[in-house]
Amino acid sequence: MGLIDLRGQAVVRDLDGLIEHMGRFEIVPRFSAGIWYFSPAASRFHARYGRELGIEERLETAGRLAAFGLSGIEAHYPNEINEENVGLWRSFCSATGIRLITVIPLLFWDAAFEFGSLSNPDEGVRRMAIDRTIAALRLNRELATDFAVVWPGIDGYEHGFGMDFAGARRRFAEGLAEAMDAVPGVRIAFEPKPYEPRGRILYGTTPEGVLLGRDVEAMLRAEEHRRALAEGHAMCCMNPEVGHVLMGFEELAYAFSWPLSEGRLAHTHWNSQPLGNYDQDLGVGVMGTEQTEALVYTLKMHGYSGYFGIDINPERVPVDIAVRNSMDAIRAACERVQNLDHEAVLRSHMQPGAWRGWLEGYLVRVRAGWPASLGEWKKPGAART
Ligand code: XLS
Ligand code: MG
């Protein structure tokens, strides 16, 4: 797979251009799932609810989801996909038509990464993290994936007193740039998370992911990278996750608009989550459906055509049912958004004085099953000049 062109996400449109775009561009969601949650997971609070399943058994369940619209799969290197079992993955993909869209370097599990991976102050451990990232990027290139998700769970701190934060960030960014230059052409999709498992994780919020992308790109030296950057392609992109964004008390649509406005949104991870709290990884649609719709609206405004990656932890729901519910919740959100009166929605923001309260009343009616009984809802005619 060559570099996917994300530059269209950053196109600046005036009101008329935006109205025209919203009428023309339709999100037809494509879905992927992470293989990590297709087996009951261990937790420090309770026993596994069921036996741990091997990769082959997990893939069997995932394969059955192709009939319901699953078309992508994601895996970590080397615990889920590696040089030895890559044949298994290849036959899964050709038998089911499901594509492997990312190989993710496992930078958080090993005991060696107790004090961080790419940011580790111990050069030997940091080297191990860089080498693992390089090996994962090679597999991405060999298997023609779309990008490599990078999620640093342990690069952070609890007691930050006197810590050289700038130094830790520099080690992380330089390590990532070094790995990228060793395997040119593989795009990164960085996934921020504000906390858990560390008390605080480096680059934990969405705009920090954008900053990391700019910093890393300034460090890239490989010819292929310099050329892509000169042509306006971003190489160190993002994969924000709904749950992580809300854990950090960010506003969903606004947060995603940051990487979108720079053509950096390579991927998206979906679930649902209360504000703050621990990482619940609830199915999409369990809560916050209005936020899901607001995010879909913003994605449509920027012409997002990437995958909708389902990243959940369905502890008490069979995984196939949980994935189907999440895909259906996203389909329903896309459908509702597609059919809105875009001209009115967009104008209500550009002429707020004349449209006071209109959007709230409109969305109430759109979501109601019996809108007629709520009475007519007129647009302010004066504002339409
Ligand atoms: C964990 C993350 C993880 C990444 C992939 O909280 O969501 O699953 O998506 O490493
Ligand atoms: Mg995720």
Side-chain angles (χ1 to χ4, degrees), residues 9 22 25-34 37 65 68-72 74 189 191-194 205-206 238-261 265-314 317 319 321-342 345-346 348-349 359-360 362-369 371:
Q9 295 175 359
M22 291 304 273
F25 178 80
E26 183 175 357
I27 292 190
V28 183
R30 290 180 296 156
F31 298 104
S32 64
Y37 59 82
L65 286 166
F68 298 97
L70 188 73
S71 62
E74 312 181 19
E191 180 174 336
K193 183 174 182 178
T205 58
T206 315
M238 287 190 69
N239 171 39
E241 176 177 313
V242 166
H244 299 177
V245 170
L246 295 171
M247 286 169 73
F249 289 86
E250 292 184 78
E251 210 278 320
L252 215 49
Y254 178 76
F256 278 68
S257 78
W258 270 106
L260 281 166
S261 62
L265 193 67
H267 192 37
T268 49
H269 267 179
W270 294 77
N271 44 39
S272 67
Q273 164 84 20
L275 260 191
N277 216 274
Y278 68 98
D279 190 11
Q280 296 210 357
D281 285 327
L282 300 168
V284 185
V286 171
M287 63 176 68
T289 48
E290 80 293 351
Q291 288 225 28
T292 306
E293 286 170 17
L295 175 53
V296 167
Y297 204 90
T298 299
L299 293 176
K300 182 172 157 73
M301 287 171 78
H302 287 270
Y304 178 75
S305 55
Y307 279 86
F308 287 67
I310 312 294
D311 191 1
I312 54 180
N313 181 24
V317 181
V319 63
I321 295 182
V323 171
R324 282 179 60 189
N325 284 343
S326 289
M327 294 193 294
D328 287 345
I330 291 171
R331 286 187 180 109
C334 290
E335 218 244 331
R336 259 201 299 275
V337 160
Q338 178 64 20
N339 297 320
L340 293 178
D341 181 344
H342 301 296
V345 170
L346 297 169
S348 75
H349 287 289
L359 185 57
E360 290 95 308
Y362 175 61
L363 291 177
V364 166
R365 279 158 180 79
V366 167
R367 290 178 183 130

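Treat the numbers as computed from the prediction; the structure is a model and nothing was measured.
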S.K.: I'd like to know if the side chain of Tyr304 pairs up with that of Thr268 as donor and acceptor (distance under 3.5 Å, no hydrogens or angles considered).
M.R.: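 Note: Tyr304 and Thr268 side chains meet the donor-acceptor criterion.
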S.K.: Side chains of Val323 and Phe68: closer than 4.5 Å at any heavy-atom pair?
M.R.: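 Not in contact.
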S.K.: Under 3.5 Å, side chain of Glu250 to main-chain N/O of Thr206, donor-acceptor pair present?
M.R.: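 Between the backbone of Thr206 and the side chain of Glu250 there is a qualifying donor-acceptor contact (under 3.5 Å).
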S.K.: Compare all side-chain heavy atoms of Leu340 with those of Met22 and state whether any distance is below 4.5 angstrom.
M.R.: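 With C-beta onward as the side chain, the pair stays apart.
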S.K.: Does the pair Gln291 and Leu246 meet the rule for a side-chain contact (heavy atoms from CB on, under 4.5 Å), with working shown?
M.R.: CA-CA 10 Å; Gln291 288 225 28; Leu246 295 171; 3.9 Å; yes
S.K.: Below 4.5 Å, heavy atoms only, C-beta onward: do Val284 and Asn325 meet side chain to side chain?
M.R.: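 When only atoms from C-beta onward are counted, Asn325 and Val284 do not touch, as no gap falls below 4.5 Å.
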S.K.: Looking only at heavy atoms, what is the nearest atom pair of Val345 and Leu359, with distance?
M.R.: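 Taking every non-hydrogen atom into account, CG2-CD1, 4.1 Å.
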S.K.: Please give me the minimum heavy-atom distance between Tyr362 and Asp341, naming the atom from each residue.
M.R.: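 Distance-wise, the nearest heavy atoms are OH-N, 2.7 Å.
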S.K.: Just so I know, are the side chains of Leu346 and Met301 near enough to count as touching, which here means a heavy-atom distance under 4.5 Å?
M.R.: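 Yes, at least one pair of side-chain atoms sits under 4.5 Å.
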S.K.: Could I get the full list of ring-ring contact (aromatic ring centres under 6.0 Å, His included) partners for His269, not counting sequence neighbours?
M.R.: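 With sequence neighbours excluded, His269 shows a ring-ring contact (aromatic ring centres under 6.0 Å, His included) to His267, given in chain and number order.
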S.K.: Search all heavy atoms of Pro29 against all heavy atoms of Cys334 and return the closest pair with its distance.
M.R.: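 Looking at all heavy atoms of both residues, the closest pair is CG-SG, 3.9 Å.
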S.K.: Should Glu74 and Asp311 count as side-chain neighbours, where that means a heavy-atom distance under 4.5 Å?
M.R.: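 No. Closest side-chain heavy atoms not under 4.5 Å.
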S.K.: For the pair Arg30 (side chain) and Ser305 (backbone), establish whether a donor and an acceptor sit closer than 3.5 Å, ignoring hydrogens and angles.
M.R.: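 Confirmed, Arg30 side chain pairs with Ser305 backbone.
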S.K.: Do Ile310 and Ile330 have side chains that approach each other closer than 4.5 Å (heavy atoms only, starting at C-beta)?
M.R.: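 In contact.
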S.K.: As an exercise, state the distance from CZ of Phe249 to OG1 of Thr205, rounded to the nearest 0.5 Å.
M.R.: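 Spacing of CZ (Phe249) from OG1 (Thr205) equals 14.0 Å.
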S.K.: Looking only at non-hydrogen atoms, find the nearest pair between Pro259 and Gln9 and report the distance.
M.R.: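 What the structure gives for the nearest pair is O-OE1, 4.1 Å.
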S.K.: State, with a plain yes or no, whether a side-chain heavy atom of Leu265 is found less than 4.5 Å away from one of His302.
M.R.: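 No. Closest side-chain heavy atoms not under 4.5 Å.
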S.K.: Kindly write out the residues that satisfy ring-ring contact (aromatic ring centres under 6.0 Å, His included) with His342, not counting sequence neighbours, or none if the list is empty.
M.R.: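 Tyr297.
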S.K.: Would you find a donor on one side and an acceptor on the other, under 3.5 Å apart, between the side chain of Ser326 and the backbone of Ala322?
M.R.: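 Present.
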S.K.: For Asn277 and Gln273, work out which heavy atoms get closest and say how close.
M.R.: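 Looks like CB-NE2, 3.8 Å.
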S.K.: Please list all pairs passing the salt bridge (charged side-chain N to carboxylate O under 4.0 Å, His left out) test where one or both residues lie in residues 283-305, with sequence neighbours left out.
M.R.: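 Qualifying pairs: Glu293-Arg336, Glu293-Arg367.
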S.K.: Establish, from distance only, whether the side-chain atoms of Asp281 and Asn271 form a donor-acceptor pair under 3.5 Å.
M.R.: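 Per modelled atom types, Asp281 and Asn271 side chains form a pair under 3.5 Å.
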S.K.: Is any side-chain heavy atom of Ile27 closer than 4.5 Å to one of Val337?
M.R.: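 Of all side-chain heavy-atom pairs linking Ile27 with Val337, none is under 4.5 Å.
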S.K.: Quick check: closest heavy atoms across Thr292 and Trp270, and the distance to 0.1 Å?
M.R.: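 Thr292 and Trp270 have their closest heavy atoms at CG2-CZ3, 3.8 Å.
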